[in-house]
Amino acid sequence: MPAQEETHTRVLEDLDAAATDYATRMATASDAERAVLRDELTRTCLPFAGRMARRYRGRGESLEDLEQVARLGLVKAIDRYDPERGSFTAYAVITISGEIKRHFRDRTWGVHVPRRIQDLSLEVGHASMVLTTELSRTPTPSELAERLKVSEAAVMEALESAAGYSPSSLNAPAGGDGAAEFGDLLGDHDGDLEMVDDKLTVAGLLLRLPVRERRMLAMRFYGNRTQAEIAAELGISQMHVSRLLSRSLSWLREAMLSDTLPRWEGANGPADMHGMQIDVQRGGGVLTVRVQGEVDRDTAERLRTSLRHAICSAGGDRLVIDLAGVPLVDAAGVAVLLDAASAAAVAEAQLTLTGAQPYVARILGVSGLQNLLDGGER
């Protein structure tokens, strides 16, 4: 028998003999003596635990950590040893190996992976090495699945999960000079992220603008339409489109920078502080109410008061509301005109809406006032 095998056999026999003697003495020892006996057997078996740990070198864990885990398994084997169940050495091998494998399963995976996948990943790795030697090439997933008697999907899952065993650090050097890190190559600063809050705020503010202004902004900035094309579709001048866009953008800018919502000035110019001019003239059996400026939520009540007064004072005269100077009528303005039509019907006064610009005429036409436009013309 070679000298190395004789030494190995003698060591195993010595451990079994020492463990048997330990168990016999522990049966009649006091608590203090038990602690001393346990320490003596542990020191005797430490070289054996070290040899068990060295079997698992080269798997990504330091030898010092493996020796600590092996010694923990040795202590568990000593505490649980029962001489009636057989050889202590065989029991210690099983206990220490199990403790080391549990360490690899629970402590060395960089990403949590189910135990089933961990075990399969180890089997796939071993089968891959064997098949690579047999085939002189890297085996395919189907060949691995056939070798392990599992599905190809399970092999693919194990191969993907193996990447979570030892993930690369984001701080690992990238490039030859080492100035950059691996994390610098993954993703980039999202400039649009800072604009999310602004976009949500603007979306809410747009709903507070009159319908025509919202439509113009949509045509200009979402439809990429020119001011001339917008003017042609809305039936107003290009200069007026430019003024309305400028005023809308100024209001949005002020609203974005202010804690309180600024007042929307539906006016034709800075000099018109009320946003609308109303002129009443009587002549030839006709009472004419000439309106200039936008009729919106800020000016609608003023127009309502003026129209009710005109209807009450019309007498037998025909009432004409001249809208030639009105570029916009929003929902509040339409409500005022509907109210005027109802009041005129009750007072049996003939009411006509005249001079409406194309865009305003379309709004009034779909709002139930088409029969009052210029005597019924649409």
Is the side chain of [X] donor-acceptor paired with the backbone N or O of [Y] at a distance under 3.5 Å, no angle test?
| X | Y | value |
| --- | --- | --- |
| Ser367 | Leu369 | no |
| Ser242 | Gln238 | no |
| Ser136 | Thr132 | no |

Is the closest basic N to carboxylate O distance between [X] and [Y] below 4.0 Å?
| X | Y | value |
| --- | --- | --- |
| Arg25 | Asp21 | yes |
| Arg147 | Glu123 | no |
| Glu233 | Arg215 | yes |

*Does Val286 sit in a hydrophobic cluster with other residues, and if so which ones, taking ILVMFWY side chains as linked at heavy-atom separations under 4.5 Å, directly or through other members?*
Val320
*Rounded to the nearest 0.5 Å, how far apart are CD1 of Ile100 and OH of Tyr56?*
5.5 Å
_For Arg137, side chain to side chain donor-acceptor pair (under 3.5 Å) partners two or more places apart_ = Glu143
*Report the residues that fulfil side chain to side chain donor-acceptor pair (under 3.5 Å) with Gln350, sequence neighbours left out, ordered by chain and then residue number.*
none
_Would you say that Ile96 contacts Glu99 through its side chain, given a criterion of any heavy-atom pair below 4.5 Å between the two side chains?_
no
*Take the angle between the ring planes of Tyr91 and Tyr81 and call it parallel below 30°, perpendicular above 60°, tilted in between.*
tilted
_Side chains of Asp279 and Gln281, donor plus acceptor under 3.5 Å_ = yes
*asked:* For the residue pair Thr354 / Asp322, report whether a side-chain donor-acceptor contact shorter than 3.5 Å exists.
replied: no
*For Glu213 and Leu244, which heavy atoms make the closest approach, and how far apart are they?*
OE2-CD2, 3.6 Å
